[in-house]
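So the structure is just underneath, and the comments pick up after that.
Below, read A as the first sequence line, B as the second, and so on, with proteins coming before strands; counting in each chain starts at 1. Just so it is clear, the values below take in all heavy atoms, side chains as well, and ignore hydrogens, waters and symmetry mates.
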Amino acid sequence: MSQEETGAEDRIDEESARKALSEQQLVRREKLAKLQAEGRDPFAIVTWKQTHHSTEIKQGFEGLENKDVSIAGRLMSFRDIGKAAFIDVQDRDGRVQVYLNAEGIGEENYAHVKTWDLGDIIGVEGYVFKTKRGEISVHAKRMVLLTKAIEPLPEKYHGLKDPEQRYRRRYLDLVMNPQVMETFKKRTQIIRAVREYLDTRSYIEVETPILGTIASGAAARPFVTKSNALNLQLYLRIATELYLKRCIVGGMERVYEMGKDFRNEGIDIRHNPEFTMIELYQAYADYNDMMELCENLCSFVAQKVCGSTKVSYQGTEIEFAAPWKRITMVDSVKLYGGPDFSLIKNDEEARELAKKHGLEEELKKKLKDCSKGDILNAAFEKYAEKELIQPTFIMDYPADISPLTKQKPGDPSMTERFECFVYGRELGNAYSELNDPIVQNDRFMQQAKERELGDDEAYMFDEDFVSSLEIGMPPTGGMGIGIDRLIMFLTDSYSIRDIILFPTMKPNNQ
RNA sequence: GGGCCGUUAGCUCAGCUGGUAGAGCAGCAGACUCUUAAUCUGCGGGUCGCAGGUUCGAUCCCUGCACGGCUCACCA
């Protein structure tokens with residue numbers, strides 16, 4: 001018995017005592033120890049020349065027949081028929097079958113390959129051919145074990161089903177469920193298409209701080225963290241808005257940032273505490289320009305990634321082609337059976353209306369603290385929101401729930417703001433940006449009051465941002481789009497956890 | 001946070017009225033040179049999520065806890 005072998009077996013004994021290894025775990029560890037003792041440690045291998053992927057071989061069969069290829073991937077299936085065997089090798093793109101026998105790879109190596117396990121990472125060199133049953137395959141000439149998997153894979157037919165394990169151990173989900181790999185490839189394509197659309201229209205992509213002493217730009221509770229070096233409490237950003245507008249003040253004219261925002265709120269099928277958002281700002285534009293940009297951007301991305309502007313989401317056809325329906329918030333409430341807010345003159349009348357229509361449940365604050373705007377918003381959520389299945393712009397939001405938005409000319413209680421809804425869910429939010437520093441200062445003051453009254457989601461006062469407006473921000477249109485939500489629609493994903501590789505999970509104390 | 005449901009072999013799942021657990025895949029041993037959920041023969045594999053309680057006896061009934069799923073609430 002060599003030194004190495006002693007060491008390896010001792011290690012297994014120790015591990016076994018610590019963790020109570022299953023039979024299968026022990027078998028694989030022993031196989032590894034034996035390989036290492038024989039001087040063929042798979043973990044000592046550093047490279048493999050991969051000339052082709054599985055789909056290239058299958059799609060390019062005519063040009064590749066009888067030609068040599070070198071592939072690599074995970075051993076997913078082993079059909080041993082005695083003096084020959086068929087195995088499936090899975091790479092980034094999918095699987096390709098490999099045929100092997102003793103004549104092809106040599107007697108000794110053939111016996112060695114038979115000791116490999118499902119899940120091992122292997123390299124295969126051979127020529128491309130078609131089996132009698134017509135499956136395009138690689139006839140192996142050389143096979144190398146590149147990495148040993150010392151844990152067994154989930155079941156080959158049913159795969160990994162347990163949602164908890166799929167989210168916690170996404171690597172297994174990716175190995176076992178091809179649809180998951182497709183979804184995440186599509187996620188990348190969507191993000192790339194969004195960038196392409198904006199980059200070709202002279203937008204500058206920037207990066208703004210995630211850590212800051214003020215978390216503003218949205219109504220949400222932030223995560224709190226701390227800088228040791230500065231001995232300072234910091235927040236993780238909840239929006240990029242106020243920094244991007246500073247870029248507009250600085251003269252960038254068109255900017256965007258796509259990245260993570262963090263909101264310290266509930267988790268459900270539509271919300272993950274960290275999520276990807278794009279915000280973009282365009283000088284000399286207003287919310288009407290943002291509507292056009294939004295519908296054109298979304299239909300461009302859908303066309304590019306899904307091959308059509310029409311996609312199926314959870315059994316419902318969604319048509320992303322421009323133009324989308326446009327309707328004011330007041331009109332939408334009326335249209336879907338709610339009261340007519342155009343007849344309401346003041347907060348008092350609005351409160352009466354709220355009582356009459358049973359809106360108290362929808363309101364976040366006590367009725368007596370609610371403005372007409374709060375009540376209109378509640379009525380919208382009750383009557384209209386869930387009806388907005390096809391992409392729809394809801395225009396003109398109450399000023400008191402829109403502290404960063406320009407008022408409507410002629411109606412200071414309303415703002416030039418829209419949100420777009422798809423399948424009853426908010427997808428985006430845009431304004432004609434408020435650029436009057438004095439009004440902005442007043443709006444922040446109002447938010448500060450709300451905060452004092454206990455609303456911990458009221459906007460934090462950002463004095464430096466007001467200072468930037470004092471230097472002068474051109475009239476600007478801005479928009480935010482929830483990238484995760486867009487990806488959900490374009491990949492027909494029910495839950496946001498299905499389009500985030502590693503969704504937030506509680507630790508499972510095992 | 002509330003309600004409902006789930007947690008059994010590496011994985012996918014059975015397990016009836018309480019009597020210490022089964023199948024398929026995977027694994028191990030063997031047969032098979034065109035299989036593809038390969039097939040055939042044989043064998044091994046369990047802290048029934050955790051902690052209590054009731055009971056002669058608990059995977060099963062009760063309580064609490066943990067994690068997860070769905071849902072309502074919250075959430076721009």
Using a 4.0 Å heavy-atom cut-off, does [X] contact any base of the nucleic acid, only the sugar-phosphate backbone, or nothing at all?
X	value
A:E23	base
A:R166	nothing
A:R221	nothing
A:A219	sugar-phosphate
A:M505	sugar-phosphate
A:K130	nothing
A:K161	sugar-phosphate
A:Y167	sugar-phosphate

**OP:** Apply the test side chain to side chain donor-acceptor pair (under 3.5 Å) to residues A:E279 and A:Y281: give CA-CA distance (whole Å), side-chain angles for both, the deciding distance (0.1 Å), then the verdict.
**Re:** CA-CA 7 Å; A:E279 288 191 37; A:Y281 293 84; 2.7 Å; yes
Are any protein N/O atoms closer than 3.5 Å to N/O atoms in nucleotides 8-10 of chain B? If there are, list each pair with its distance.
residue, atom, partner, partner atom, Å
B:G10, N7, A:Q24, NE2, 3.4

Side chain of [X] (C-beta onward), nearest among [options]:
X	options	answer
A:Q97	B:G27, B:C32, B:U36	B:U36
A:P163	B:C70, B:C34, B:G68	B:G68
A:E265	B:C75, B:G27, B:U12	B:C75
A:I81	B:G68, B:C34, B:C75	B:C34
A:K83	B:C67, B:U12, B:U33	B:U33

**OP:** Using the P atom on both, measure B:C62 against B:C67 and round to a whole Å.
**Re:**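 Per the computed distance, 22 Å lies between those P atoms.
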**OP:** Using the C1' atom as the reference point in each nucleotide, state the distance between B:C4 and B:A51 in Å, no decimals.
**Re:** 24 Å
Subject >> Donor-acceptor pair present, A:E135 side chain and B:U35 base, under 3.5 Å >> reply: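 Answer is no: no donor-acceptor pair is held.
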Original post:
Ignoring hydrogens and angles, are the base of B:C11 and the side chain of A:H158 linked by a donor-acceptor pair under 3.5 Å?
Top reply: no
Original post:
Would the number of heavy atoms belonging to other residues, nucleotides or ligands and lying under 6.0 Å from NZ of A:K58 be above 12?
Top reply: yes
Less than 4.0 angstrom between a side-chain N/O of [X] and OP1 or OP2 of [N], yes or no?
X	N	answer
A:K156	B:A26	yes
A:R133	B:U36	yes
A:R79	B:A38	yes
A:S77	B:A38	yes

[Y]/[X] salt bridge by N-O under 4.0 Å criterion:
X	Y	answer
A:E274	A:K260	yes
A:D462	A:R246	yes
A:K406	A:D286	no
A:D456	A:R451	no

Just the table, please: protein N/O against nucleotides 71-73 of chain B N/O, every pair under 3.5 Å.
residue, atom, partner, partner atom, Å
B:U71, OP1, A:Y494, OH, 2.2
B:U71, OP2, A:Y494, OH, 3.3

Subject >> Residues in side chain to side chain donor-acceptor pair (under 3.5 Å) contact with A:D88, at least two apart in sequence or another chain >> reply: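 A:D88: side chain to side chain donor-acceptor pair (under 3.5 Å) contacts with A:R79.
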Original post:
For the pair made of CG in A:D80 and P in B:U39, what is the distance, rounded to whole Å?
Top reply: 13 Å
Subject >> Check: A:D93/A:T55 side-chain N/O donor and acceptor closer than 3.5 Å >> reply: yes
Subject >> Worked verdict on A:Y313 versus A:F489 for ring pair (Phe, Tyr, Trp, His ring centres under 6.0 Å) >> reply: CA-CA 6 Å; A:Y313 185 70; A:F489 289 128; 5.0 Å; yes
Original post:
Quick one: are the ring centres of A:Y287 and A:Y431 less than 6.0 Å apart?
Top reply: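 When the ring centroids of A:Y287 and A:Y431 are compared, they turn out to be at least 6.0 Å apart.
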Subject >> Criterion side chain to side chain donor-acceptor pair (under 3.5 Å) on A:Y423 and A:R425, from CA distance to verdict >> reply: CA-CA 5 Å; A:Y423 201 74; A:R425 299 175 186 172; 5.9 Å; no
Original post:
Does A:P273 have any side-chain contact (heavy atoms from CB on, under 4.5 Å) partners at least two apart in sequence or in another chain, and if so, which?
Top reply: A:F223, A:I267, A:T504
Subject >> Pairs flagged by ring pair (Phe, Tyr, Trp, His ring centres under 6.0 Å) wherever residues 363-405 of chain A is involved - sequence neighbours left out >> reply: A:W324-A:F393, A:F380-A:F421, A:F393-A:F418
**OP:** Treat a base pair as Watson-Crick or G-U wobble with both distances under 3.5 Å, then lay out RNA chain B in dot-bracket form, 5' to 3', with | for cross-strand pairs.
**Re:** (((((((..((((.....[..)))).(((((.......))))).....(((((..]....))))))))))))....
